[in-house]
Amino acid sequence: MIRTPELLVEYKRDGLVEQEHYGYIMLCDRERIIESSGESANYPFFLRSCAKPLQASLMIDYGMDKEFDLTEEEIAFCCASHAGEKVHTRVADGLIEKFCIKESDLKCGIHEPLSKTERKSMLLSGDKVRLVHNNCSGKHLFMLGLCRMNGWNLKTYDELKHPLQQEIKKKIYSLCELKKEYPITKDGCGVPIHSMPLFNMVKGYLNLFLDPKYEKIKQAFLNQPYLIGGEDRTDTKLIYNSEGLVAKVGAGGLCIVVNTKTEEGLIVKICDCDMKARELVVIDSLNNLHWAEINADHTIKTLHGDIVGEIVTHL
């Protein structure tokens with residue numbers, strides 16, 4: 001398998017290159033790769049949190065959205081890598097009540113909110129970090145809700161052999177049009193995560209977000225971008241500052257964007273997983289494609305605000 005990333009980002013301080021980021025950019029429709037930077041061939045990368053809307057498509061397949069009368073906010077939250085703000089934990093608490101489960105049923109683990117503002121607020125108020133602050137808690141709540149609906153074991157939902165995870169695997173393989181088996185590991189939150197070539201990731205998104213069957217998921221992304229991410233989250237910025245674009249970030253330097261009007265998809269993979277480099281490459285790519293007009297700061301500044309360099313993207 002060929003894997004040859006290209007130089008995508010340079011940090012130049014007073015003319016000298018001091019930081020570089022390599023990776024891949026791919027523009028596709030459902031049939032072909034239209035344009036690409038970097039040669040990844042059929043090398044599989046893990047989907048990480050980009051899997052969330054693909055996994056959540058089972059909400060529609062099983063009629064879970066109707067069974068629990070899920071709101072647009074709740075559907076968005078189930079697809080989210082959220083920042084753990086009060087707007088997110090409020091939705092989480094509502095889903096716990098709807099699904100008749102306990103917060104302790106969640107197996108995502110605990111971490112502080114990604115939101116700096118929320119972390120500061122909790123520090124000042126003395127509030128304790130909860131499981132629902134985990135950026136993957138929406139995905140885990142969706143999984144527990146589907147288990148509750150189908151009478152599946154709630155205690156082992158994170159295991160690959162569990163009926164839930166087997167159904168997720170089938171669904172992802174179908175949406176992404178995978179014809180052979182690829183490596184599976186555990187995501188950071190403990191549940192199975194699948195790998196595949198970048199082209200198949202984009203196919204999966206196009207097959208999901210362009211299918212009228214999953215209109216509720218598409219509208220949840222377009223209308224509830226803050227629930228999808230939150231404070232300083234790239235996907236939230238992209239959706240807010242565009243029209244008809246669906247975006248989702250994933251750990252490992254991934255970001256997938258679907259243009260629901262042109263029916264094309266863009267994927268960016270930054271090899272060293274740098275989030276600033278990923279955001280700049282995605283924004284500059286969207287601007288170059290005329291999919292959006294989003295301002296991004298490419299300057300390098302001192303703590304005093306003096307400009308001493310620039311961040312250059314090679315697209």
Side-chain angles (χ1 to χ4, degrees), residues 4-11 20-41 45 47-50 53-54 79 81 175-177 196-211 214 217-219 221-223 225 228-229 232-250 252-271 273-299 310-315:
T4 311
E6 286 191 5
L7 176 64
L8 297 180
V9 182
E10 287 182 307
Y11 281 61
E20 295 177 320
H21 301 277
Y22 289 76
Y24 310 91
I25 309 171
M26 190 177 289
L27 175 67
C28 317
D29 60 23
R30 279 189 275 196
E31 303 299 326
R32 65 193 177 98
I33 299 171
I34 299 171
E35 190 176 349
S36 66
S37 296
E39 177 59 50
S40 62
F45 298 97
L47 271 167
R48 304 303 300 271
S49 283
C50 287
L54 304 176
C79 300
S81 296
L175 285 171
C176 298
E177 301 181 22
M196 65 189 68
L198 297 176
F199 181 37
N200 292 92
M201 293 185 190
V202 182
K203 274 190 176 184
Y205 267 57
L206 292 171
N207 287 334
L208 173 68
F209 287 107
L210 300 181
D211 188 339
Y214 303 108
I217 296 178
K218 182 181 83 172
Q219 290 303 322
F221 268 79
L222 294 176
N223 298 331
I228 295 297
D232 202 32
R233 300 292 288 166
T234 296
D235 36 21
T236 295
K237 294 177 189 177
L238 298 178
I239 301 170
Y240 259 141
N241 293 287
S242 64
E243 186 175 343
L245 296 187
V246 166
K248 183 71 189 73
V249 296
L254 283 172
C255 183
I256 305 176
V257 181
V258 170
N259 187 326
T260 61
K261 295 183 177 181
T262 66
E263 300 192 349
E264 296 170 323
L266 175 79
I267 188 166
V268 169
K269 161 73 178 177
I270 301 297
C271 292
C273 313
D274 185 89
M275 292 195 293
K276 177 68 173 179
R278 176 182 65 186
E279 183 171 298
L280 288 177
V281 169
V282 174
I283 288 175
D284 286 359
S285 296
L286 296 179
N287 289 340
N288 289 347
L289 288 167
H290 303 292
W291 287 7
E293 292 183 12
I294 304 173
N295 293 323
D297 187 3
H298 288 69
T299 60
E310 62 176 338
I311 306 170
V312 180
T313 57
H314 298 279
L315 308 177

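A search for ring pair (Phe, Tyr, Trp, His ring centres under 6.0 Å) contacts involving Tyr205 returns Phe209, not counting sequence neighbours. The salt bridge (Lys or Arg N to Asp or Glu O under 4.0 Å) search around Glu310 returns none, not counting sequence neighbours. In this structure, the side-chain hydrogen bond (donor to acceptor under 3.5 Å, both in side chains) partners of Asn259, at least two apart in sequence or on a different chain, are Thr262. With sequence neighbours excluded, no residue forms a salt bridge (Lys or Arg N to Asp or Glu O under 4.0 Å) with Asp211. Partners of Asp284 by side-chain hydrogen bond (donor to acceptor under 3.5 Å, both in side chains), not counting sequence neighbours, listed by chain and number: His298, Thr313. For Asp297, the side-chain contact (heavy atoms from CB on, under 4.5 Å) partners at least two apart in sequence or on another chain are Thr299, Lys301. When the salt bridge (Lys or Arg N to Asp or Glu O under 4.0 Å) test is applied to Glu243, the partners found at least two apart in sequence or on another chain are Lys261. With sequence neighbours excluded, no residue forms a salt bridge (Lys or Arg N to Asp or Glu O under 4.0 Å) with Lys269. With sequence neighbours excluded, no residue satisfies ring pair (Phe, Tyr, Trp, His ring centres under 6.0 Å) with Phe199. With sequence neighbours excluded, no residue satisfies side-chain hydrogen bond (donor to acceptor under 3.5 Å, both in side chains) with Thr236. When the ring pair (Phe, Tyr, Trp, His ring centres under 6.0 Å) test is applied to Phe45, the partners found at least two apart in sequence or on another chain are Tyr24, Tyr43.
With hydrogens and angles left out, the side-chain atoms of Glu177 and Asn200 include no donor and acceptor closer than 3.5 Å. His314 and Glu10 share a side-chain donor-acceptor pair at under 3.5 Å.
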Would you list the atom pairs, donor with acceptor, under 3.5 Å between side chains in residues 274-281 and any protein atom, with sequence neighbours excluded?
from	atom 1	to	atom 2	distance (Å)
Asp274	OD2	Lys276	N	3.2
Asp274	OD2	Ala277	N	2.7
Arg278	NH1	Gly250	O	2.9
Arg278	NH1	Leu254	O	3.0
Glu279	OE1	Thr234	OG1	2.6
Glu279	OE1	Lys237	NZ	3.3
Glu279	OE2	Lys237	NZ	3.1

